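Scroll down for the structure; my scribbles are underneath it.
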Amino acid sequence: MEILSNYSLKNYNTFGIDVVCKTFVSLQSQHEASDYVKNKLDRTLPYILIGEGSNLLFTKDFEGTTIQMQNKGFELIDENNKFVWIRAAAGEKWDDFVSWSVEKKYAGAENLSKIPGNVGAAPIQNIGAYGVEIAEIFNGLEAIEIETGKHRRFYLKELKFGYRNSIFKQTLKNKYIITAVMLKLNKFPFLKIDYGNIKSELETMAYENLNIAIIRQAIINIRSSKLPEPKELGNAGSFFKNPVVDKQKHSNLKKSFPDLVAYDLNNGFFKLAAGWMIDHAGLKGYSKGNVAIHKNQALIIVNQGGASGQEILEFSEEIQSKILEMFGVKLEREVSVI
Ligand code: EPU
């Protein structure tokens, strides 16, 4: 366990915002997490839990405690002739887990290649990409209750997964330190290549038999062509969620914007592609001061260097109001603002 004072979080958020927190705590094990919250956490101050900081926007110094789980390891905990159950430590990078599982030929996580962030943070917002969400391979998680230091296991149903949502963003927000995530992967892959341009990317690649390693490579190729590398250009992936509207609103919008990109959720609602809307509003590449809409993917806001969190927040509010004006739709942030 390491406890540091007045610590810069610049390297702990992918926007690269230079803010300072009063106390920074890194925890190496479940036992340390329990010991820390029972005996050392200053409960008179606010605290936040961070992973890799890939979904956070700091707008000011944080007068409290920042807690980060740094435990490591992947472990096979059970298997039968079809499935394997893996326990991944929360402090591992999500993509290291995907890379490990693809190497072992355990299938199910390959479409989630290259998503930034740590394993422990992945279920909180039900990370998803290229037709797959972590909910589909999630089996359970282990966590320490901050109020009591008690260990608890959560199962799939208790997570109440939704689109970029789970119980840890709702009633249990900030109540637990997630220490490990259990994933159920397949020994016999069920390849998912229907989403977006996976197929067209595969056509450009040379391979003999399609397998999960090839799919991982295709996803990496697509992501690197569109999504900026945080080390080069600070960003937190999609800044907004894709908004969900009802059938009526969707058909009204379709009349005014026949090219509108939307996915039928088959429950009377449609999910709109916010990236398309921002792009269609002529805002792709739009820049103000140190902040911009990324030139290749309009759902991503980038720090062009030296932007403050407040500047990024104000920029994002300007985008929200332009989209509201043009489409009558309020974009909700995917990124958490602190
Ligand atoms: N589009 C445009 N212009 C743009 C961006 C997108 O016209 O500048 C159109 C695309 O052509 C496509 C549609 O909008 O028809 C959707 O675009 P894309 O497939 O790139 O995905 P997205 O909806 O913008 C979501 C996730 C991403 C995930 C991708 C791929 C959200 C908020 N974002 O983006 O996740 O990687 O799908 O599955 O759901 C993240 O959450 O941080 C993230 C990057």
Side-chain angles (χ1 to χ4, degrees), residues 13-15 51-57 94-95 98 109-118 121-136 161-166 169 192-201 215-216 218-230 233-245 253-254 257-265 269-287 292-302 316 319-320 322-323 326-327 329-336:
N13 70 100
T14 55
F15 264 121
E52 211 188 353
S54 57
N55 206 40
L56 290 180
L57 177 62
W94 172 259
D95 193 54
V98 180
E110 57 282 358
N111 290 42
L112 303 176
S113 287
K114 259 304 190 237
I115 296 186
N118 284 358
I124 297 178
Q125 64 148 343
N126 187 14
I127 56 167
Y130 303 98
V132 176
E133 288 180 339
I134 192 179
E136 292 159 50
F161 281 126
Y163 168 57
R164 294 294 190 276
N165 206 356
S166 80
K169 281 191 96 171
K192 288 201 178 174
I193 57 167
D194 289 331
Y195 185 94
N197 46 356
I198 302 182
K199 277 186 186 145
S200 58
E201 181 58 34
I215 294 189
R216 169 166 167 81
I219 304 283
I220 291 175
N221 296 350
I222 299 170
R223 290 188 75 102
S224 7
S225 71
K226 280 205 221 170
L227 310 179
E229 189 55 56
L233 206 52
N235 75 88
S238 301
F239 195 92
F240 303 106
K241 292 188 202 176
N242 285 326
V244 174
V245 298
L253 281 170
K254 209 60 187 163
F257 306 98
D259 299 338
L260 179 82
V261 179
Y263 314 95
D264 191 344
L265 299 177
F269 291 89
F270 285 76
K271 194 192 271 182
L272 310 179
W276 181 89
M277 294 160 87
I278 298 169
D279 193 350
H280 191 77
L283 294 167
K284 201 173 192 163
Y286 170 63
S287 135
I293 296 284
H294 187 51
K295 61 181 182 3
N296 297 338
Q297 223 295 7
L299 204 45
I300 296 179
I301 295 182
V302 296
S316 75
I319 304 301
Q320 279 170 317
K322 285 185 167 150
I323 296 304
M326 187 162 182
F327 299 94
V329 173
K330 169 98 199 283
L331 292 183
E332 217 183 290
R333 281 194 297 266
E334 183 189 299
V335 166
S336 304

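Keep in mind that this is a model prediction, so the values were computed, not measured. Both counts, for ligands and for their atoms, begin at 1 and track the order of listing.
Which of Arg164, Lys284, Glu334, Lys114 comes nearest to atom 26 (C) of ligand 1 through a heavy atom is settled by distance: it is Arg164. Between the choices Gln125, Lys226, Lys271, the shortest heavy-atom distance to atom 20 (O) of ligand 1 belongs to Lys226.
In terms of protein heavy-atom proximity, atom 42 (O) of ligand 1 is nearest to Ser238 N, 2.9 Å. Of the protein's heavy atoms, Tyr195 OH, 3.4 Å lies nearest to atom 19 (O) of ligand 1. The nearest protein atom to atom 7 (O) of ligand 1, hydrogens excluded, is given as Trp276 CD1, 3.4 Å; this is a heavy-atom distance. Ranking protein heavy atoms by distance to atom 23 (O) of ligand 1, first place goes to Asn242 ND2, 2.9 Å. The protein atom (non-hydrogen) at minimum distance from atom 8 (O) of ligand 1 is Ala298 N, 2.8 Å.
At a heavy-atom distance under 4.0 Å, only side-chain atoms of Ala273, from C-beta outward, approach ligand 1.
Under the 4.0 angstrom criterion for non-hydrogen atoms, His280 is not in contact with ligand 1. Look at Arg223 and you'll find a heavy atom under 4.0 Å from some atom of ligand 1.
Annotation for ligand 1: atoms under 4.0 Å from non-hydrogen atoms of Tyr163 are 31 (C), 32 (C), 39 (O). Distances below 4.0 Å separate heavy atoms of Gly237 from the following atoms of ligand 1: 42 (O). Per-residue contacts place Phe240 under 4.0 angstrom from the following atoms of ligand 1 (heavy atoms of the residue considered): 32 (C). Below 4.0 Å from some heavy atom of Tyr263 lie the following atoms of ligand 1, by number and element: 13 (C), 16 (C). The Asp279 neighbourhood of ligand 1 comprises atoms 2 (C), 3 (N), 4 (C), 7 (O), 8 (O), with distances under 4.0 Å to a heavy atom of that residue. Against a heavy-atom cut-off of under 4.0 Å, Leu299 is close to the following atoms of ligand 1: 24 (O), 32 (C). Listed by number with element, the atoms of ligand 1 under 4.0 angstrom from any heavy atom of Val261 are 15 (O). Atoms of ligand 1 found under 4.0 Å from any heavy atom of Gln297 (numbered from 1 in listed order, with element): 5 (C), 8 (O), 18 (P), 20 (O), 21 (O), 22 (P), 24 (O).
Atom 10 (C) of ligand 1 is never approached by the protein to below 4.0 angstrom, counting heavy atoms only.
Side-chain contact between Glu201 and Asn197: absent, with no pair of heavy atoms (C-beta onward) separated by less than 4.5 Å. Using a 4.5 Å heavy-atom threshold, the side chains of Ile301 and Leu57 count as separate. Contact annotation: the side chain of Leu260 approaches that of Trp276 to within less than 4.5 Å [non-hydrogen atoms, C-beta and beyond]. Contact annotation: the side chain of Ile319 approaches that of Tyr286 to within less than 4.5 Å [non-hydrogen atoms, C-beta and beyond]. Two residues are said to be in side-chain contact when any heavy atoms from C-beta on lie closer than 4.5 Å; Leu299 and Glu334 fail this criterion.
When only interatomic distances are considered, the shortest N/O to N/O separation between Ala236 and ligand 1 does not fall below 3.5 Å. Considering backbone and side-chain N/O of Tyr130, one or more are found under 3.5 Å from N/O of ligand 1.
Under 4.0 Å is where a charged nitrogen must lie from a carboxylate oxygen, and between Glu136 and Lys192 at least one such pair does.
In this structure, Gly117 and Ser54 approach most closely via the heavy-atom pair CA-OG, 3.4 Å. When every heavy atom of Leu112 is checked against every heavy atom of Glu133, the shortest pair comes out as CD1-C, 4.2 Å. Nearest heavy-atom pair across Leu227 and Gln297 is CD2-CG, 4.0 Å. Across all their heavy atoms, Trp94 and Ala122 have their closest contact at CE3-CB, 3.8 Å. What you find for Ala135 and Phe161 is that their closest heavy atoms are CB-CD1, 3.5 Å.
Heavy-atom neighbours of Lys330 NZ from other residues, nucleotides or ligands within 6.0 Å: at or below the threshold of 12.
Cation-pi check for Lys254 over Phe270 is not met; the charged atom does not lie both under 6.0 angstrom from the ring centroid and within 45 degrees of its normal.
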